[in-house]
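Following: one structure in structure tokens, then a few remarks.
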Amino acid sequence: MINKVLLLVCDGLGDRPIPQLGNRTPLEAAATPNLDALATQAQCGMMCALGRGVRPGSDVSHLAIMGYDPAKEYPGRGPIEVAGLGIALEEGDIALRGNFGNVDEAGICRDRHCRHISDFRAYAAAVDGLEIDGVKFIVKPGTAHRAGVVLRGPGLSDAITDADPHKENEHLHEVRPTDNSPEARRTADVLRKFFVKAAEILRNHPQNIELQKAGKTPANFVLVRGAGRYRRLQPFQQRWGLSAACVAGGGLYKGIGALLGMKVIDVPGATGKLDTDLDAKVRAALDALASHDFVFLHFKAADTQGEDGKWAEKKAFIERIDRALAPILSLPASTLFIATADHSTPCILKAHSADPVPIIFRGESVRVDGVKSYGERACASGDLGLMTGLDVMAHVMNLMGRSPLVGA
Ligand code: ZN
């Protein structure tokens with residue numbers, strides 16, 4: 001009987017036919033002997049995380065695949081990203097993600113990333129812990145210019161707009177309440193006061209004074225966006241009875257793991273980018289299976305290549321994924337292996353789409369079907385048909401013999 005589960009999510013893996021690839025998708029055109037062998041031994045199908053025609057964000061798609069209904073349980077992007085930075089959130093916290101950037105004296109955003117700065121930890125430390133009108137600000141650095149900002153205190157709301165203009169050489173947006181509640185007004189007010197205070201601290205920060213002496217742009221502003229109110233989600237183990245671990249490079253995916261109470265495993269070399277160490281991640285996931293019932297393994301870069309329209313690079317990254325998956329073929333049949341994606345990111349669109357993605361289940365006593373390769377159109381003829389994200393854990397429970405009986 002199946003007693004362990006390894007779930008691989010290749011972000012943005014699905015695509016559309018590309019003329020230069022002979023009207024095949026990057027996945028169909030890629031040489032993937034290992035994935036094809038796994039598909040041959042598996043029950044196959046397609047998955048559309050939120051249902052046919054619905055274009056999912058990565059965060060909601062992952063929640064659905066883990067068995068959390070985004071319509072009822074989505075906490076917003078801010079809390080997920082912030083949880084991925086290792087900030088322990090409390091019920092009612094307002095969490096935002098942000099960038100350390102540069103805003104000039106006229107309030108124009110001149111630099112959203114300050115890529116010439118390699119270490120932002122001192123900036124985060126300088127503004128972390130500020131208290132304004134009974135609200136505590138927690139600021140933690142993320143990867144590169146990224147940061148997480150948490151507002152902790154009574155009477156707060158996430159019904160506020162972004163400060164980040166999302167473009168350079170545009171005026172900073174004023175944070176405004178998006179409803180008429182006193183909580184939203186108070187949150188917008190206190191955040192504006194934080195900006196003034198933080199800007200003053202950052203303006204005089206020794207690291208910025210050094211940069212200015214060298215003729216470089218200082219990082220003098222925290223550009224925040226994506227406010228969300230944290231509410232505790234039922235831990236994955238409680239929901240499914242499976243102890244769980246997460247192996248991911250990107251902050252958002254670590255955040256999903258953290259919010260669901262999974263053990264988030266830091267893997268050296270796991271960057272969430274093209275240069276990531278896929279072999280190290282696969283090793284870490286296999287190690288984690290020794291001490292956990294369920295391991296979520298996430299690879300990011302196929303999505304990034306799709307967003308950039310780089311079909312050749314996407315195909316090449318998929319081939320790298322395939323090589324890294326060689327050890328999976330030796331998994332015991334008692335370990336259910338699932339390979340899927342959270343959504344398609346067609347190179348032609350340079351954006352997420354609602355096109356279904358392949359999904360395979362390989363393990364003891366699954367109904368192996370006739371599908372012989374891992375691809376969008378090959379898996380469409382598989383036994384499972386079209387699943388939604390919420391179907392995935394239900395199917396896992398069934399395969400493990402753990403589904404509750406409905407009726408008598
Ligand atoms: Zn995604």
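Both counts, for ligands and for their atoms, begin at 1 and track the order of listing. For reference, positions follow the sequence shown, starting with 1.
Ring geometry for H205 against Y123 counts as tilted: the plane angle lies between 30° and 60°, on a 0 to 90° scale.
Y74 is linked by a ring-ring contact (aromatic ring centres under 6.0 Å, His included) to nothing, counting only residues two or more places apart in sequence or in another chain. The ring-ring contact (aromatic ring centres under 6.0 Å, His included) check on H292 picks up nothing, with sequence neighbours excluded.
Contact detail for A122 and Q207: the closest heavy-atom pair is CB-OE1, 3.5 Å.
At a cut-off of 2.8 Å, S58 coordinates the Zn ion (ligand 1) through an N, O or S atom. Residue side and main chain included, H343 places an N/O/S atom under 2.8 Å of the Zn ion (ligand 1).
Among heteroatoms of the N, O or S kind in D342, OD2 lies nearest the Zn ion (ligand 1). Checked against the Zn ion (ligand 1), the N, O or S atom of D11 at the shortest distance is OD1.
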